[in-house]
Amino acid sequence: MYGTPLILKFDDIDAGMLPLVGGKAANLGVLTAAGLPVPPGLCVTTEAYRRVTEQAGLEDVLDALAVTAAGETRVLNELAGRARELVLSAPVPADIAGAVRRSAHGPVAVRSSATAEDLPHASFAGQQDTYLNVIGADAVLDAVRRCWASLWTDRAVAYRAANGIDHRAVLLAVVIQEMVQSEVAGVMFTANPVTGRRREAVIDASPGLGEAVVSGAVNPDHFVVDTATGRITERRLGDKRLAVRSLPGGGVEHVETAVEGACVTDAQVRALAELGGRVEDHYGSPQDTEWAVDAGGALWLTQSRPITTLFPIPRHPRPAGSGHPEDRTTRLRTGHGGSGGSGPAGGAPGGARIYFSFSVAQGIYAPITPMGMSAFRLLSSSAAALLGTPVTDRLDGAPQFAEAAGRMFIDVTGIMRSRVGRMGLPRVLDVMEARSATVLRGLSDDPRFSVTQRSVRPALRRLVKNAIRFRIPARAAQALVMPEKAHRRAERLGARLRAQLAAPADATALERLDHVERILGTRAVPLLPTVLPGPLAGFAMLGLAYRLLGDRARPGELQTVLRGLPHNVTTEMDLALWHLATRIRADREAASLLLGTPAAELADRFGDGSLPGVVDRGLKEFLSVYGVRAVAEIDLGVPRWSEDPTHVIGVLANYLRLEDPALSPDALFARGATEAVLMIRTLSARVGGVRGLVVRFALGRARALAGVRELPKFYMVTILAAMRAELVTVGADLTARGLLDSPRDIFFLTLEEARTALTAASGKTAPEQSTPTTSGQNAPTTPGGRTSTTPEQSAPTTPGGRAPTDPEQSAPTTSGDVAPPYPAGLRALVSERREDAARERRRRHLPRVLLSDGTEPEAVATSAPVDGALTGTPASAGSVTGIARVVLDPVGAHLEPGEILVCPSTDPGWTPLFLTAGGLVMEMGGANSHGAVVAREYGIPAVVGVARATEHIVTGQRITLDGTSGAVITT
């Protein structure tokens, strides 16, 4: 390592040197190489930090940090303090000190550059220290030492802990950059960080050095610019009462200012936006930049890093109509198909699109595994074929299927631009995901989504065709006449389904993979229309009763009819678990065991057969029916209850703690059923006559049939669980071949990748023969006729050895990593995706609806101002109501979880408090200050620039803040 350079000029730094120079220096090297206006400078590499700190005795501190949770703030702070002391007291070798001293020429900025900094998933904005206007060799060396120690500031340690970043893995380089004595400076985001809108520059500017804006010490001038046209769409001038300026002998001072009007001209604002567009184009993703204008009017770029808080724009795995084999190669490398130049869902080359989050609608906030996403692509292809629009390659998914950040989206642009869809989709969502329905209705006035398909005939033709194909009218009528016969038919259908799901016992791994693709691609979706006629008839009867009753039915009365519905598989599952708890309660020893033992330990004992008989037998009986279920069960990559019954055992223990018989699930269900029957009698009597008899019949049939609405999903979950079992067997084969570490690692691959691995490992496709040609000729195919590729296929790489990435497509894809060689590369791919998924699970905000320009409609749908509300600048979207905690000094301050932090301003030293804050209100600062950036990263609503907030709001007061409109309402 002693041959590793201690000093590198910006000209010698490229993007692949992150481990040596850290994120900030790597970006400055990239910007310099691109010919952008970056003040010249150099980097003291991580080799210097490593050599200084390897003698500092940090091992004990690192060991302690490894076992300290993110929420243990006091312990983290103590350990951080010890680490700083050790680093500052460590001697600096003479060669390192000499190299740093020789680098000190004129006034410079000395800035930390950590290896976990300015990354696509974590900005580390302001977490390490910067020293401005440093003059003289001794002062520069001292500043470098303090930068090294700042890797261990309380805020940096807390930030790493909150983001799950290994403290041992982070090193620090130091940037020494020519100081720009700026007349005006600030921050520019090349996409709107609050609304998500791309190609919209958001600029904060203030006189003097940019530190005043970055630290949130000033209310800056604020501009929003349409990057494409240069039009300034928003202009809000701040008071700019403070400026940071350089002192002649070194260091800076804070001086009061009184600047009337804007501190930058419109021409400068447009020039900044144009520069931001160039930076974004160079990186291929939106950037958070810092800039300065010197006394001569020259514009300088002093930093650029990815905007970490933007939700990626959903993309189809491959643009519709694209047949280039290299597209598949890229998708094999990235797993989720989220990068590699893929286009918008629906395949439209241009125009605004509307993406609806199917993940959020299903209550799935965690990222879906690559294999789970692969399964849904197959299912979507089957659904498209059912609707008369078959896709070329089923593994690609329907054109409307899109992915972002491991979440599923549906492109509903076509639906919302049709007369039928615009009426129907929001109504369906009213009973499924009401907030999404509201958002979609709000888009009806947007001229980009005007109705283009006014005729109802195409939709009607498809509806009639499928209704005839699946005999839906006949089966619905049969269900109305004989509900019990419809229930028996559904039960027989379920029995036949379960009998067909398992592959033959002697099937090979490739045959099992064929079986999985066949079931998901052709059998699963057509099952749904055969089950739906019953519940459709039931809800049709409910609608008929609603019309017949008119205003005779009071609000809520029809909902009462649906209480305690029979034939609901989910209710039956809950009651079965309750009845098991009742049996266990009668066995005092077994009940005591469940109440006093952690659920995970009980699950282990169930696995080895050492639980009491009543528990063991009862769990086996329950899981034989409902073991296919799980939390987030639509992802087949998630373990089923039959594999891990910890959750079920925890619910059983909670049931045992229920003492009041009147609150037991069976009592509540029975009471609801009784109330429903009485309500039917009341409503039918209220109408009277023949109409009353029809109402009674309709509501009776609604109760008899509506409960079956849960059955299609249960059957689908049953299919997914069975396919999961087949894939585990395939994973076992790959593990036996030494390609995976565990059979369940297969869920971090896609169906295509699993097939490629099996094919190559069994010698059926030689890696060197499987590289696709431009025409697609000579490319081996799978039994289903799909082009086959292998993980050995390579891609163009950056100087650092990584394939080009699309930072707009975030984890848990692999973001363009080169396809790995066997077997270590496949394991590395799985490991990387595990880490990506773990990071994505910490994402706190998921959009319900997203537009193709990145705009989140909910984030721009501001409500009318509330009289008496305090107003400021929106900084982090969202709304929260909670107890205020006014804090004037962060030292020793404590926030209870969910409390709203109200403070004068925040620098990075405040940000550990954000870990427990429910929201943030600041008197000073702009939307681009450190506090606002970190608030967005932590997903907490924030409003900044609220005049005299610490005077108007008192601790303990209940307040509501709206980070979208910039309003703070006190009560």
Side-chain angles (χ1 to χ4, degrees), residues 125-126 130 132 180-195 200-225 232-246 252-273 275-276 287-294 299-304 307 871-876 903-908 910 920-936 942-949 963 966:
T130 288
L132 301 175
V180 178
Q181 305 296 352
S182 56
E183 289 295 306
V184 62
V187 175
M188 171 173 56
F189 284 70
T190 67
N192 195 313
V194 177
T195 67
E200 185 173 77
V202 178
I203 300 168
D204 283 351
S206 189
L209 305 180
E211 178 64 18
V213 175
V214 172
S215 66
V218 67
N219 288 328
D221 291 342
H222 179 80
F223 305 89
V224 178
V225 187
I232 300 173
T233 60
E234 184 180 337
R235 183 196 313 269
R236 186 170 59 251
L237 302 186
D239 52 34
K240 306 178 291 294
R241 294 179 181 175
L242 182 74
V244 179
R245 299 194 185 278
S246 295
V252 298
E253 64 176 346
H254 292 67
V255 297
E256 293 187 2
T257 60
V259 179
E260 296 294 333
C263 63
V264 286
T265 66
D266 285 2
Q268 288 175 319
V269 170
R270 294 189 183 96
L272 280 166
L275 176 61
Q287 297 290 299
D288 165 4
T289 67
E290 295 179 21
W291 55 270
V293 178
D294 64 20
L299 177 58
W300 297 95
L301 191 64
T302 58
Q303 180 171 302
S304 184
I307 303 177
T871 58
T873 299
S876 182
C903 55
S905 65
T906 63
D907 63 15
W910 287 73
L920 170 68
V921 178
M922 283 178 9
E923 290 183 333
M924 307 297 290
N928 298 338
S929 61
H930 277 317
V933 170
V934 178
R936 288 192 291 269
V943 179
V944 301
V946 181
R948 301 171 66 186

In Å and rounded to the nearest 0.5 Å, what is the CD1 to OG1 distance from Ile307 to Thr190?
-> 4.5 Å

Which value, rounded to the nearest 0.5 Å, describes the distance between Arg245 atom CZ and Glu211 atom CD?
-> 14.5 Å

Between the CH2 atom in Trp291 and the CG atom in Leu272, the distance rounded to the nearest 0.5 Å is 5.0 Å

Roughly how far, to the nearest 0.5 Å, is CG of Leu275 from CZ of Arg270?
-> 16.0 Å

Please examine the side chains of Met188 and Thr289, heavy atoms only from C-beta on, and report whether any two atoms are closer than 4.5 Å.
-> yes

Val293 versus Val264: any side-chain heavy-atom pair under 4.5 Å?
-> no

Heavy atoms only: give me the nearest Ala201-Ala273 pair and the separation to one decimal.
-> CB-CB, 4.1 Å

Where the side chain of Asn192 meets the backbone of Glu200, is there a donor-acceptor pair that is under 3.5 Å apart?
-> no

For Ser206, which residues count as a side chain to side chain donor-acceptor pair (under 3.5 Å) partner, sequence neighbours excluded?
-> none

Separation between CG (Asn219) and CG (Asp204), nearest 0.5 Å, reads 10.0 Å

Heavy-atom closest pair, residues Cys263 and Asp221 | N-OD2, 2.8 Å

Where is the tightest heavy-atom contact between Ala292 and Ser182, given as atom of each residue plus distance?
-> CB-CB, 3.7 Å

With sequence neighbours excluded, tell me which residues meet side-chain contact (heavy atoms from CB on, under 4.5 Å) with Thr265.
-> Ala267, Gln268

Closest non-hydrogen atoms of Val194 and Ala875, given as atom of the first, atom of the second and distance, are CG2-O, 3.6 Å

By side-chain contact (heavy atoms from CB on, under 4.5 Å) - contacts of Thr302 (at least two apart) = Pro39, Arg111, Glu290

Asp294: what forms a salt bridge (Lys or Arg N to Asp or Glu O under 4.0 Å) with it, not counting sequence neighbours?
-> none

For residues Pro220 and Val213, report the shortest heavy-atom separation together with the two atoms involved.
-> CB-CG2, 4.1 Å

Contacts of Arg236 meeting side-chain contact (heavy atoms from CB on, under 4.5 Å) (sequence neighbours excluded), chain-then-number -> His222, Glu234, Thr873

Please check if the side chain of Thr257 supplies one atom and the backbone of Lys240 the other of a donor-acceptor pair under 3.5 Å.
-> yes

Could I get the full list of side-chain contact (heavy atoms from CB on, under 4.5 Å) partners for Gln181, not counting sequence neighbours?
-> Pro107, Asn133, Met179, Ser246

Can you see which heavy atom on Val921 is nearest to which on Ala949, and at what distance?
-> CG1-CB, 3.9 Å

